[in-house]
Structure formats: C-alpha cells, structure tokens
Amino acid sequence: MESPVSQLEDVNVLRKPPRVLVFASGKSGVGKSSLVANLAAAMAARGAAVCIIDADTGLSNTATLLGLRPAFGLEQAAGGGKTLAEAIVKTHEGVAVLPGAQSLLATPVPADQRANLERSVRELEGQYDYFFIDLPAVLTDKVLQFVEAAKYAFLLVSADPAALTDGFSLLKSLNGRSYRGSLRVVVNQAADYPAATETYRRFAAVSEKCLKQKVEYGGFVVRDENVPKAVALQMTVIDLAANSPASRCLFSLADNIVKHIGSDREAPGLADYWRRLLDAEPTLPAVEAAETDVVAEPPFTFRGAARGPSLPAGCDSPQRLLADIKSQALDQPALEQFTGAFVEAYCEQFGTFPAAFKALFYRWLETENYAAPRLLELAATLDALYAMRHQTPMYSLSEAVARLVAQVQGQPEQHRDAIEQLRAAYRQAYQRDVFDAEQALLAGIGSDDFSEQRFEELLQNLRDAFQVRFKRPYQSQHELLLNSTVEALNTMAVDQQNLQEEIAMLMHGVQLLGSRREKLLAAIKTVQDNALPFVSPAQLDR
C-alpha cells in the first residue's frame with residue numbers, strides 16, 4: 001500500500017510546481033508583512049491557493065495580522081514533533097500561514113531536522129499554487145540566502161529616504177553576490193500613482209548608475225486609511241473594504257503576478273527552493289548541532305596569497321597585513337576584491353567609513369583623470385543620492401538658476417529653450433502663465449525703440465490671431481455699435497416702406513368708398529325727382 005507521501009508526489013507530477021515569491025525590505029516600517037497578508041488575500045480572491053511562510057523575526061507577525069493564533073510552527077514540524085497540518089492555520093478566505101520559519105535564520109539546520117523538513121515540504125508543495133515567504137527587514141547573510149534561492153523576489157520600498165537607502169543597501173548586497181533571479185520593486189504607502197512611479201524612478205536611476213543594475217517595476221499600493229483599520233481589526237483590507245484604493249492596487253498587483261509569474265512553467269517549486277536554501281549553508285550533524293551554539297565562519301582566503309599561521313591576540317595585525325600585501329605579488333582583481341571586503345567589514349564593525357575615505361576619494365578622482373562626461377555622471381549620482389536621503393534637492397533654487405544661466409551663456413537658442421521649458425512647467429503646475437502677457441505687451445509698446453510700423457504690424461498680427469481663435473474678423477466696440485446702428489436704420493427703412501404701401505392701399509379704399517357714396521346720392525336724387533322705381537346699389541354699380 002502506498003504511503004500518503006508517495007500519493008502526493010504522484011499528484012505533483014501532474015500539477016505544475018508552485019511559484020515561490022520572496023518579499024524583502026531593507027527597513028522595517030514599510031508595511032511589508034501587511035502587504036504580504038493582503039496580497040495573499042487578493043490572490044485567494046482570484047482563485048489561487050496561497051500559503052504564507054512567515055520567516056520574519058517578529059513573533060508570528062503575519063498570523064497576528066490575519067487574526068490567527070497558531071500553536072505550533074515549522075520548527076516543530078522539522079523536529080518531527082508535529083505535522084504540517086497541525087502547524088498551518090488558515091483564514092476564512094483560504095489563505096494558509098505557516099509560522100516559525102524564522103528559526104531557520106538562526107543556525108544551520110541539523111541533518112535529522114533537514115530530512116524531516118524536506119519530507120514536510122514535499123507534502124506541502126502539491127497543495128498550493130503560490131508560496132509567499134515573508135523575510136525580516138534585516139541585512140544578514142541568511143536573509144540574502146533566502147532571496148538568492150528564489151527565482152522571483154519583491155523588494156518593498158517607500159518614499160521614506162531611510163527606506164530607500166536601506167533598500168538600496170540590500171540591493172547592493174544582492175548585486176555583490178551576483179543574484180540571478182528576477183527582482184521587482186514595489187512602492188508601498190504611496191500618495192498616488194505619479195508619486196509611486198517617481199519613487200521607483202529615483203530608486204531605479206540610482207541602482208542603474210551606481211550598481212549598473214536595472215530593477216523592474218513591480219507595482220504600488222496607495223496609502224489608504226482602511227489599511228490601519230484592517231490591521232487594528234486583525235483582518236485583511238480586501239475583506240474590510242474590497243473597493244478601497246489599497247484593495248484595487250492589491251488586486252492589480254495580484255493580476256500582474258498571475259499573468260507574468262503564474263504562466264512560468266519552468267519556475268522551480270518549493271522543494272527545489274528549500275533544497276537550494278539548505279545547500280547554501282553547511283549542515284551540522286544532529287548531535288553536534290545540539291551542543292554547538294556558534295558556528296565559526298571559515299577564515300577569509302585571499303586568492304594568490306599564501307595563508308600563514310593565525311596571528312595571536314594583541315599583535316599588530318593591520319601592519320602585518322599591510323606588509324604582506326606589499327611583499328607579495330598579488331593580482332589586481334584579487335586585491336580589489338579584498339579591499340572592498342575589508343571596507344565593508346570595517347563599516348559593519350564601526351558603523352562608518354574609515355576617516356581617510358574622503359581623502360582617498362579625492363585622490364581617486366585626481367589620479368583617474370576622468371573625462372567631463374564621467375564627472376558629470378558622478379555629480380548626477382551624488383545629486384540623486386542626496387535627494388533620496390534628505391528629500392530635498394542638493395542645490396537651492398537660486399543656485400540652480402545660476403548654474404543653468406552659466407551653462408547656456410552665449411547660446412541664445414538654448415537660453416530661449418530653457419526659458420520656454422520653465423514656462424511650460426509653470427503652466428502645467430499652476431494652470432496659468434508665469435507672467436502677465438498684457439503687461440508685457442504694453443511694456444514692449446512703451447519702449448523707445450517701438451516704431452509705428454511695428455505697431456501696425458502688431459495690430460495686424462493681433463487681428464489675424466483673433467480670427468484664427470474665434471473664427472470671425474476682429475471688430476472693436478465702436479465698429480460693433482456702428483454696425484448695429486446701420487442694421488437698425490435699415491430695418492426702420494423697410495418698416496417705413498411697408499407702412500407707406502399700407503397707407504396707399506388705405507387711400508385707394510377711401511377713394512372707392514367716396515365714389516360709391518356719390519353714385520348712391522345721385523340715384524336717390526333721381527328717384528325723388530322722377531318718381532322712378534328704386535334701384536339697388538349693386539345694380540347701379542353695374
């Protein structure tokens with residue numbers, strides 16, 4: 001009889017492997033865990049089966065955000081004391097949460113726990129479409145290993161300068177370790193879409209200039225008052241207000257993941273991801289792991305140099321190291337690699353760069369004899385870093401204007417173009433022109449060199465512009481009044497002519513009445529004189 005594990009493995013052959021998505025941030029407070037929980041809810045609403053593996057060093061932070069109360073975690077399942085079914089908790093939306101993965105960040109996994117963990121992962125893999133791994137906002141080798149093992153990673157940043165700087169530090173560390181996966185930048189807590197794209201643009205520009213690395217745009221989530229309400233109620237914002245601005249952004253992000261990542265049939269599954277993650281660290285024997293609290297890191301090996309015996313405590317190791325570097329024939333790439341590692345170790349130990357760094361930086365600029373374009377690129381990079389950290393331009397408005405005027409000095413066309421661009425930017429920002437066109441026109445007419453001929457040309461140009469704008473010739477108020485008066489007089493003349501015609505018709509009628517009256521009187525008189533029979537007026541008319 002086949003075991004349940006083998007049955008699950010047979011099902012996994014027919015089902016495409018789940019996608020593993022890692023979510024990281026360089027700084028706490030950018031809302032990473034909240035975004036992961038809400039994005040999983042949005043994915044579940046789209047019909048995807050999602051499991052969140054909580055590797056954040058906070059105590060079951062994701063489960064708390066969702067109102068869940070896990071009793072066990074991945075650590076107990078790896079130890080064999082519990083099953084994954086007992087460790088996993090689910091929301092009413094179907095989002096599963098596996099807490100306790102943060103224990104894997106502390107020490108290497110013993111051999112017996114590793115076997116249990118791989119077996120548990122194979123059981124879990126066939127039940128979900130997506131696995132979201134929520135990482136802590138710290139920069140350690142273990143966190144970097146979690147990111148390196150994944151094909152798809154999301155780096156969360158915000159407009160906060162500290163968040164951008166720390167996010168850049170994490171990206172720099174991944175770049176130094178030659179991360180080959182797909183990393184997307186998601187801007188969280190953005191004011192709106194233009195602000196989100198501007199934050200991404202600044203971050204991507206610094207990354208491309210300083211690290212020669214392009215980062216993809218993963219989307220954004222707008223700042224929404226419903227998000228803290230949902231956190232306080234321990235529910236997802238999707239469940240609280242499905243049509244809120246943040247929910248719409250989360251649904252859009254979910255749709256993009258399904259479209260661009262869900263269609264990848266070559267993505268490694270959870271078992272492959274976990275195997276790469278565990279292979280990235282030395283495995284301790286089960287007995288030794290229980291007795292060992294601290295694992296010593298192997299000493300740093302310097303390619304091309306013979307490693308001598310370790311220096312005793314209290315010896316002058318920096319001078320010995322400098323003497324070894326001077327006395328041995330070392331290749332330049334290895335020396336550059338060591339120098340970078342040494343400076344990074346110094347910064348991690350003391351929290352600052354060496355005091356001689358500034359002088360060395362100026363010396364580097366002088367000895368390299370950089371051409372003007374490369375110096376301009378360096379200046380632009382420093383400007384971008386300053387703006388990112390302090391949220392303000394490096395130069396004040398007056399300084400920027402002075403620099404602009406100095407750059408276009410003696411070039412009237414470029415000077416004019418710069419002014420037009422400033423005017424266009426002002427109109428776009430404030431919906432009005434930067435100066436009063438009427439006052440500028442009157443000032444130009446009032447100048448001493450403005451002639452009558454130029455005035456006539458200006459009038460004609462104004463008339464032409466009026467006709468183009470309003471589709472009729474220009475007429476002044478006096479001309480309009482005169483035209484209306486002429487139209488009124490013409491109307492009066494027509495009315496007069498009509499009245500005269502009516503009077504003539506009335507006069508003709510009066511004449512006819514008078515003629516009939518005379519004939520009638522004559523007939524009456526004839527009857528009276530001759531005693532003739534009476535004749536009607538109609539007969540007389542005939």
Side-chain angles (χ1 to χ4, degrees), residues 19-40 43 50-58 60-62 65 74 97-106 130-190 196 199-200 203-204 206-207 211 213-221 250 253 256-257 261 267-268 270 273-274 276-277 280-281 348:
R19 278 68 175 146
V20 179
L21 281 62
V22 172
F23 293 83
S25 63
K27 178 182 180 297
S28 59
V30 298
K32 174 178 54 61
S33 296
S34 176
L35 183 139
V36 170
N38 284 286
L39 180 59
M43 297 282 289
V50 184
C51 177
I52 303 174
I53 300 177
D54 188 3
D56 200 341
T57 50
S60 302
N61 191 28
T62 305
L65 287 173
L74 184 60
V97 179
L98 178 59
Q102 60 267 28
S103 61
L104 302 178
L105 295 169
Y130 296 89
F131 286 92
F132 290 178
I133 301 182
D134 184 13
L135 294 179
V138 293
L139 188 55
T140 62
D141 284 340
K142 196 62 181 181
V143 170
L144 295 176
Q145 289 174 8
F146 265 81
V147 179
E148 285 180 298
K151 183 176 181 180
Y152 297 104
F154 289 85
L155 175 60
L156 268 68
V157 299
S158 67
D160 181 14
L164 291 174
T165 303
D166 294 339
F168 179 78
S169 299
L170 190 148
L171 182 64
K172 179 182 177 183
S173 300
L174 289 174
N175 185 67
R177 298 165 74 106
S178 301
Y179 174 62
R180 301 303 180 188
S182 173
L183 189 140
R184 291 170 167 85
V185 174
V186 176
V187 181
N188 196 25
Q189 301 172 352
T199 300
Y200 163 75
F203 186 85
V206 175
S207 173
L211 303 178
Q213 178 180 352
K214 293 184 177 181
V215 292
E216 300 181 52
Y217 178 63
F220 81 103
V221 178
L250 290 163
L253 184 56
N256 288 334
I257 290 176
I261 298 179
L270 182 64
Y273 169 80
W274 222 259
R276 287 199 303 271
L277 179 63
E281 62 181 11
E348 291 179 1

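- For Tyr273, there are no ring pair (Phe, Tyr, Trp, His ring centres under 6.0 Å) partners two or more places apart in sequence or in a different chain.
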Exercise answer: donor-acceptor pairs, residues 167-174 side-chain atoms, under 3.5 Å, sequence neighbours excluded:
| residue | atom | partner | partner atom | Å |
| --- | --- | --- | --- | --- |
| Ser169 | OG | Thr165 | O | 3.1 |
| Ser173 | OG | Ser169 | O | 3.1 |

Got a list of side-chain donor-acceptor pairs under 3.5 Å for residues 31-39, not counting sequence neighbours?
| residue | atom | partner | partner atom | Å |
| --- | --- | --- | --- | --- |
| Lys32 | NZ | Asp134 | OD1 | 2.5 |
| Lys32 | NZ | Leu135 | O | 2.6 |
| Ser33 | OG | Asp56 | OD2 | 3.4 |
| Ser33 | OG | Asn61 | ND2 | 3.3 |
| Ser33 | OG | Asp134 | OD2 | 2.7 |
| Ser34 | OG | Asn38 | ND2 | 3.3 |
| Asn38 | OD1 | Val237 | N | 2.6 |
| Asn38 | ND2 | Ser34 | O | 2.7 |

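- Two residues are said to be in side-chain contact when any heavy atoms from C-beta on lie closer than 4.5 Å; Leu21 and Arg184 fail this criterion.
- Atom-to-atom distance recorded for Tyr152:OH and Ile261:CD1 is 6.0 Å, nearest 0.5 angstrom.
- Taken to the nearest 0.5 Å, the CG atom of Asn188 stands 11.0 Å off from the CZ atom of Phe23.
- If you take CD on Glu148 and CZ on Arg180, they are separated by 10.5 Å, rounding to the nearest 0.5 Å.
- Looking at every heavy atom in both residues, Gly26 comes nearest to Leu155 through N-CD1, 4.3 Å.
- Residues Leu139 and Leu144 have side chains in contact (heavy-atom distance under 4.5 Å, counting atoms from C-beta outward).
- Note: Asp54 CG to Ile133 CD1 = 11.0 Å, rounded to the nearest 0.5 Å.
- Between atom CZ of residue Phe154 and atom CG of residue Leu183 there is a gap of 9.0 Å, rounded to the nearest 0.5 Å.
- When every heavy atom of Leu211 is checked against every heavy atom of Asn175, the shortest pair comes out as O-ND2, 3.8 Å.
- The two residues Ala150 and Tyr179 make their nearest non-hydrogen contact at O-OH, 3.0 Å.
- Nearest approach of Ala159 to Leu164, heavy atoms of both residues: O-CD1, 4.2 Å.
- Annotation for Gly29 and Gln189: closest pair O-NE2, 3.8 Å, computed over non-hydrogen atoms.
- The ring pair (Phe, Tyr, Trp, His ring centres under 6.0 Å) test applied to Tyr130 returns no partner, not counting sequence neighbours.
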Task: side chain to side chain contact (heavy atoms under 4.5 Å, CB included) evaluation trace for Thr199 with Phe203 - done: CA-CA 6 Å; Thr199 300; Phe203 186 85; 5.6 Å; no
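- The side-chain contact (heavy atoms from CB on, under 4.5 Å) search around Ala196 returns Val187, Ala190, Tyr217, Phe220, not counting sequence neighbours.
- Phe146 places none of its side-chain heavy atoms less than 4.5 Å from the side chain of Ile53.
- With sequence neighbours left out, the side-chain contact (heavy atoms from CB on, under 4.5 Å) criterion links Ala163 to Lys27, Val30, Ser158, Asp160.
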